[in-house]
Amino acid sequence: MSTQKQIIVEQFGGPENLLIKDTEIPTPAEGQVLVKLTSIGMNHADLLARKGFYKIASGEPPFTPGIEGGGIIEKAGPNTTLSEGTRVVITPDAPRAAAGGFGGTYKQYYCVPESKVLPAPDTIPDNQLGALWLPYLTAWGCLVWKHGIKAGDIIAIPAASSSVALAAAQIAKKFGCKTIGLTTSQDKIDTLKNMSTAHYDHIVLTHDKDTDGNRTMLPWHKEMRQLTESKGVNVFFDPVASGSYLNTEIKCLAQFGVVYVYGLLGAPDTVDVTPLIRKFASITGWVLGELMYAGEDVWRRGCNEILDGFADGSYKQHVDAEYKLEDIQNAHIQMHKGQHIGKLVIVP
């Protein structure tokens, strides 16, 4: 029996609950393909799943984390059209076990129906095949499918160094928008300015440290007013959105502007929504699940447009660090620290 390394969570909790097991490598049945994974994208959803806060994807223990993956078809079952050796990306619906999928991707091989893989363009390196959907489909679904961004729109993107933010900036620039990244770190601004994958027209520092080393918010709305020529921001695409930070975003919105909240990084706090009324503006939530629930034809359109963007050079992922499956506990610890820029990937 041939075996593979696979991560299994037998009970919810900390990184120590990410257990490495030897499991049998499956044999593809009729209509299935066996993919040897070359990369697995890491996401904060993986940390939430490990803790028991993302059961919509993981279900109950035991389960294997991971909601992204890509690699090379090692073996194709009967009645399949893709040949062995084809480089593919696992479709975004496949790993969601609790939603009828085929389980997580934290392993060396992944066996699915042929319909659950998409051939990848040669422009995507092997170590990035499994790191596309969460950043790019999250951003595309909100900005393109839901909002309908257009040339000339001003898109402000907090947490500018994250993989989702970098993807959002690339997508917005492809559609002719002006992009403004926001971050709390001058060091990250210096790094982002030297990155070819950071498609920001401007980057704004929103916080600084006082003499005691405490982080304080700057009056960054003044810089935003200058950058937008007092027109305001059409779209904030934000995983923070709370308290004084959200109040400032509301202050910076243009008429009919929208703050899309796609994450839970901010702590609950009081917000003054009065300016929204005067601006005919709004705050709305966004998760990738909304795109998935819209139907397979919708999310497949997004997947195809993203792959086309990689093929024509508009999109390019930034990988900050790679980890082996054997180092998965440390990988989760590093992701939790939040000091990386772009994507963390597992190379099994």
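Numbering of residues begins at 1 and proceeds along the displayed sequence.
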Where the side chain of [X] meets the backbone of [Y], is there a donor-acceptor pair that is under 3.5 Å apart?
X      : Y      : value
Thr248 : Ser244 : yes
Arg87  : Pro121 : yes
Thr64  : Tyr106 : no
Glu68  : Trp133 : yes
Thr38  : Asp126 : yes
Glu84  : Lys75  : no
Glu249 : Ala241 : no
Gln170 : His199 : no
Asn330 : Asp327 : no
Glu114 : Thr81  : yes

Check the orientation of [X] and [Y]. Use parallel for under 30°, tilted for 30 to 60°, and perpendicular for over 60°.
X      : Y      : value
Trp145 : Trp286 : tilted
Tyr136 : Tyr315 : tilted
Tyr245 : Trp220 : tilted
His147 : Tyr260 : perpendicular

Residue pair [X] / [Y], side-chain heavy-atom distance below 4.5 Å:
X      : Y      : result
Met42  : Lys343 : no
Leu205 : Thr184 : no
Ile203 : Leu182 : no
Val88  : Leu118 : no
Cys111 : Tyr109 : no
Phe256 : Ser282 : no
Val345 : Ile40  : no
Thr216 : Lys209 : no

So, are Glu326 and Lys324 salt-bridged, with charged N and O less than 4.0 Å apart? no

Quick check for you: to the nearest 0.5 Å, what is the distance between [X] atom [atom1] and [Y] atom [atom2]?
X      : Y      : atom1 : atom2 : value
Ile180 : Glu223 : CD1   : CD    : 8.5 Å
Tyr200 : Met195 : OH    : CE    : 8.0 Å
Cys252 : Lys231 : SG    : NZ    : 15.5 Å
Ser163 : Ile341 : OG    : CD1   : 12.0 Å
Ile155 : Ile157 : CD1   : CD1   : 7.0 Å

Over 12 non-hydrogen atoms of neighbours within 6.0 angstrom of [atom1] in [X]:
X      : atom1 : value
Lys279 : NZ    : yes
Asp122 : CG    : no
Lys174 : NZ    : yes
Lys51  : NZ    : yes

Side-chain heavy atoms nearer than 4.5 Å, only ILVMFWY residues, links allowed to pass through others: does that put [X] and [Y] together?
X      : Y      : answer
Leu34  : Leu37  : no
Ile124 : Ile171 : yes
Val164 : Leu137 : yes
Leu288 : Trp299 : yes
Val240 : Val287 : no

Looking only at heavy atoms, what is the nearest atom pair of [X] and [Y], with distance?
X      : Y      : value
Ala165 : Ala159 : CB-O, 3.1 Å
Ala254 : Asn234 : CB-ND2, 4.1 Å
Val258 : Leu253 : N-CD2, 3.7 Å
Gly66  : Pro95  : O-CB, 3.6 Å
Pro158 : Phe237 : CD-O, 3.2 Å
Asn247 : Asp272 : OD1-N, 2.8 Å

Examine the side chains of [X] and [Y] and answer whether a donor and an acceptor come within less than 3.5 Å of each other.
X      : Y      : result
Thr23  : Gln6   : yes
Lys173 : Thr179 : no
Asn127 : Glu322 : yes
Glu10  : Asn17  : no
Thr91  : Asp93  : yes

